[in-house]
Asker: 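To start, I am sharing the structure in question, which I have written as structure tokens.
Each chain gets a letter, A, B and so on, in the order its sequence line appears, and its residues count up from 1. FYI, side chains are in, hydrogens and waters are out, and symmetry mates aren't considered; it's all heavy atoms of this structure.
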Amino acid sequence: MTTKRSMVKSLLAAEEASSQVRVQGWVRTKRDSKAFSFVEINDGSCLANIQVIVDATVPGYEASILPLRTGASLEVEGGLVESQGKGQKWEMVAKSVIVHGQADEDYPLQKKGHKAEFLRSIAHLRPRSNLFGCVFRVRSRLAYAVHQFFQQRDFVNVHTPIITASDCEGAGEMFQVKTVSGESGQEGQAKNGEEEFFGKPAFLTVSGQLEGETFACALSNIYTFGPTFRAENSHTTRHASEFWMIEPEMAFCDLEADMSLAEELVKYLVCDVLENCAEDLELFGKFVDKGLMERLHFVRDRSFERVTYTEAVDLLLASEQKFEFPVEYGANLQSEHERYLTEQHFKCPVTVYNYPKEIKPFYMRLNDDDKTVAAMDLLVPGIGEIVGGSQREERLEILRGNMEREGLAEEEYWWYVDLRRYGTVPHAGFGLGFERMLMFVTGVANIRDVIPFPRVPGWAEF
RNA sequence: UCCUGCGUAGCUCAGUGGUAGAGCGGGUGACUGUUAAUCACUAGGUCGUUGGUUCGAAACCAACCGCAGGAGCCA
């Protein structure tokens, strides 16, 4: 009868010694002594490794333990004992070791720090590094916390389609979905024949919002959480071609409540990660972003600021700050303006709302001043926009007017318009960029380093 | 798409006109309850590519390729 596997995390948290435990994992580092070796094993369950003492008398020592290199996979059975050395409370003394796979000499991960750029080129191995192990454990926890937040509030999770035929809302360039010729499709050629697979052109979704609205107008409070695709040729640290987005939509809801939910969500996620990912966050605070913990505590403890677009412009004009782009009413706030507000002026997350209608899309609700729409952006230090949302235009005639002005054919959106014909309700929602949130809570500066296999223009490796 | 910067050993980099270097990693050996172990020896390079300037180019010039950062777009 083999001993049940223990994860490194639980062994390191042990209350007492144990005569027989079993770990399985990968060698992070090994140091040889005359009569024994120290092998540090990591299994991804936590940041820390467990140190294993392998005595020269263990069967196979010379043949298979001594030659072990960083990256090799193995399985150890033995006792869990209090460590004689400094630096760790518990360590293992091996009775038997099975080497599943030695690592070739050219295993690229070293114990020393690598540049993010290099690690991206070995995306299949980088989760074995300390930093990326932490990033993806936190990513998993953050995703869980998102569901928890909404489920606790009785929001219904809706799986909106990834393939869509509505060139929706003009929210950016789209990828088209086509069939390919040949058995394997390796040629990448569009299939012969005029017929579209779906009967009309189809695309990868840029937002689940419009579909989300239909479900909110039935189930009241819903949220989506899934992949989103944008074909923009963006080359920045916060844009990717494929990313995940969370989009709640609430019926009988105005902008005020919408903003409150967004702020509550951001705060909830920060608190959850602080509570449940302490060890990982410590690494980020030490090696990635010195100011991280202070910022997260700040977000947890203080309330967010709120200003209207007009107030924000006034603040920027009065700031006497030199901007590359001028600040003016009616124009979109530039990245540098947003960052000034959240990083310099308020030094905390800020929600900017009520934007001029001219710079916002057709579905946002017109305010009574006839000049602004009930839109909002939540800005955070270091990232900029993390949430974008609005109250939706629920009045049929005004929506039609907006669509006509923007040259959108009503036939294409007939089902969206229908919502305003059959029991329309005030409703609102927003989109939270999952990766941007992850960047915010980890301090990792590049979106490509919080996505397992990032897709950006010119790069779809792995 | 625009602007800027960078491409030298597996990795991180030094080398600014005179013919290729270090640390880490790899290999071999020694030593040690070690922990980014230590010490010695050793292998490893078409200096991104192509063309030009020069007696001579890793270095200077041009084009191209790749990557990174910023802008726009937005999550």
Side-chain angles (χ1 to χ4, degrees), chain A residues 28-40 48-55 66-67 69-71 81 83-88 91 93 103-122 125 129-130 169-173 205-209 225-247 262 287 323-325 331-336 338-339 359-361 377-380 383-389 430-440 445-451 456-459:
Chain A
R28 277 298 176 79
T29 175
K30 177 175 73 84
R31 295 170 292 274
D32 299 317
S33 219
K34 185 133 195 137
F36 57 93
S37 296
F38 297 101
V39 185
E40 285 194 36
N49 310 321
I50 189 158
Q51 174 166 285
V52 179
I53 291 30
V54 186
D55 195 84
L66 269 183
R69 280 181 289 263
T70 302
V81 302
S83 178
Q84 298 172 30
K86 287 174 186 167
Q88 61 282 315
E91 64 188 16
V93 176
D104 284 357
E105 297 166 6
D106 56 355
Y107 183 70
L109 283 171
Q110 298 178 16
K111 277 170 278 175
K112 248 182 162 177
H114 288 291
K115 282 168 71 177
E117 195 183 326
F118 168 68
L119 290 167
R120 262 170 240 153
S121 72
I122 51 165
L125 296 173
S129 68
N130 286 338
E169 64 181 271
E173 303 289 317
T205 183
V206 295
S207 167
Q209 181 199 316
F225 185 8
T228 307
F229 306 87
R230 303 273 166 94
E232 270 119 21
N233 193 16
S234 301
H235 286 231
T236 79
T237 51
R238 58 201 155 18
H239 289 88
S241 308
E242 176 179 342
F243 62 97
W244 285 55
M245 195 156 61
I246 296 131
E247 296 180 288
F287 298 113
F323 294 113
E324 194 186 336
F325 295 92
N332 246 318
L333 297 179
Q334 301 284 328
S335 287
E336 58 174 343
E338 295 180 343
R339 294 185 67 143
I359 58 173
K360 291 293 181 186
D377 283 349
L378 174 52
L379 314 175
V380 295
I383 312 271
E385 184 179 342
I386 199 167
V387 167
F430 61 84
L432 168 74
F434 183 62
E435 283 83 6
R436 288 192 182 172
M437 188 67 210
L438 191 53
M439 291 164 75
F440 184 62
N446 195 315
I447 197 166
R448 283 165 275 198
D449 298 328
V450 297
I451 300 178
V456 295
W459 184 262

Asker: I need the CG-C1' distance between Asp106(A) and rG44(B), as an integer number of Å.
Answerer: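 In whole Å, rG44(B) C1' and Asp106(A) CG are 13 Å from each other.
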Asker: According to the 5.5 Å centroid and 30° plane-angle thresholds, does Phe243(A) stack upon the nucleobase of rA75(B)?
Answerer: yes
Asker: Figure out the CD/C1' separation between Glu338(A) and rG72(B), and round it to whole Å.
Answerer: 13 Å
Asker: Taking atom P of rU12(B) as reference, at what distance in whole Å does atom CG of Leu119(A) sit?
Answerer: 9 Å
Asker: Please give the nucleotide sitting opposite rG48(B) as a Watson-Crick or G-U wobble pair, both distances under 3.5 Å, or none.
Answerer: rC64(B)
Asker: I'd like to know if the side chain of Gln51(A) pairs up with that of Arg31(A) as donor and acceptor (distance under 3.5 Å, no hydrogens or angles considered).
Answerer: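 Checked: Gln51(A)/Arg31(A) side chains pair up, N/O donor to acceptor below 3.5 Å.
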Asker: In whole Å, I'd like the distance from the NZ atom of Lys30(A) to the P atom of rU34(B).
Answerer: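 Between P of rU34(B) and NZ of Lys30(A): 17 Å.
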Asker: What is the distance, rounded to the nearest whole Å, between atom CG of Leu125(A) and atom P of rC11(B)?
Answerer: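 Between P of rC11(B) and CG of Leu125(A): 13 Å.
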Asker: Report yes or no: does Ser37(A) contribute a side-chain atom to a donor-acceptor pair with the main-chain N or O of Val39(A) at less than 3.5 Å?
Answerer: no
Asker: Side chain of Glu324(A), base of rG70(B): donor and acceptor closer than 3.5 Å?
Answerer: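 Answer no: no donor N or O sits under 3.5 Å from an acceptor.
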Asker: Using the P atom in both, what is the distance from rG33(B) to rU38(B), to the nearest Å?
Answerer: 16 Å
Asker: Atom CZ of Arg448(A) and atom C1' of rG70(B): how far apart are they, to the nearest Å?
Answerer: 12 Å
Asker: Does the side chain of Ser83(A) come under 3.5 Å of the side chain of Gln88(A) through a donor N or O and an acceptor N or O?
Answerer: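 A pair is found: one side chain offers a donor N or O, the other an acceptor, under 3.5 Å apart.
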Asker: Considering every strand shown, what is the Watson-Crick or G-U wobble mate of rA9(B) when both distances are under 3.5 Å?
Answerer: none
Asker: Return yes if the base of rU12(B) and the side-chain atoms of Gln110(A) contain a donor-acceptor N/O pair under 3.5 Å, otherwise no.
Answerer: no
Asker: Between rA22(B) and rA40(B), how many Å separate the two P atoms, rounded to a whole number?
Answerer: 13 Å
Asker: Find the distance between CZ (Phe434(A)) and CZ (Phe243(A)) and round it off to the nearest 0.5 Å.
Answerer: 13.0 Å
Asker: Please report the distance separating the P of rU46(B) from the corresponding atom of rG21(B), rounded so that it comes out in whole Å.
Answerer: 15 Å
Asker: Taking all non-hydrogen atoms of both residues, which atom of Val206(A) and which atom of Phe229(A) are closest, and how far apart?
Answerer: CG1-O, 3.1 Å
Asker: Would you mind checking if Arg238(A) and Glu435(A) are paired as a salt bridge, meaning a charged N to carboxylate O distance below 4.0 Å?
Answerer: no
Asker: For the side chain of Arg120(A) and the base of rC67(B), is some donor closer than 3.5 Å to an acceptor across the two?
Answerer: no
Asker: Check for a donor-acceptor pair, side chain of Glu385(A) on one end and backbone N or O of Leu378(A) on the other, with a separation under 3.5 Å.
Answerer: no
Asker: Identify the nucleotide, in any strand shown, that forms a Watson-Crick or G-U wobble pair with rG33(B), with both distances under 3.5 Å; if there is none, say none.
Answerer: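 Looking at the geometry, rG33(B) pairs with no nucleotide.
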Asker: Report yes if a side-chain nitrogen or oxygen of Arg69(A) is closer than 4.0 Å to either non-bridging phosphate oxygen (OP1 or OP2) of rG27(B); otherwise report no.
Answerer: yes
Asker: Look at the side chain of His239(A) and the base of rC74(B), then say whether one donor and one acceptor between them are separated by less than 3.5 Å.
Answerer: yes
Asker: Excluding sequence neighbours, so at least two apart, what forms salt bridge (Lys or Arg N to Asp or Glu O under 4.0 Å) with Glu247(A)?
Answerer: none
Asker: Can you say whether a donor on the side chain of Gln88(A) sits under 3.5 Å from an acceptor on the base of rU34(B), or the other way round?
Answerer: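 Per atom types, the contact qualifies.
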Asker: Sugar-phosphate atoms are those with a prime plus P, OP1 and OP2; base atoms are the rest. Using that split, label each nucleotide of nucleotides 3-8 of chain B B, S or - for protein heavy atoms under 4.0 Å, 5' to 3'.
Answerer: ------
Asker: In the structure shown, which nucleotide is the Watson-Crick or G-U wobble counterpart of rA20(B), with both distances under 3.5 Å?
Answerer: none
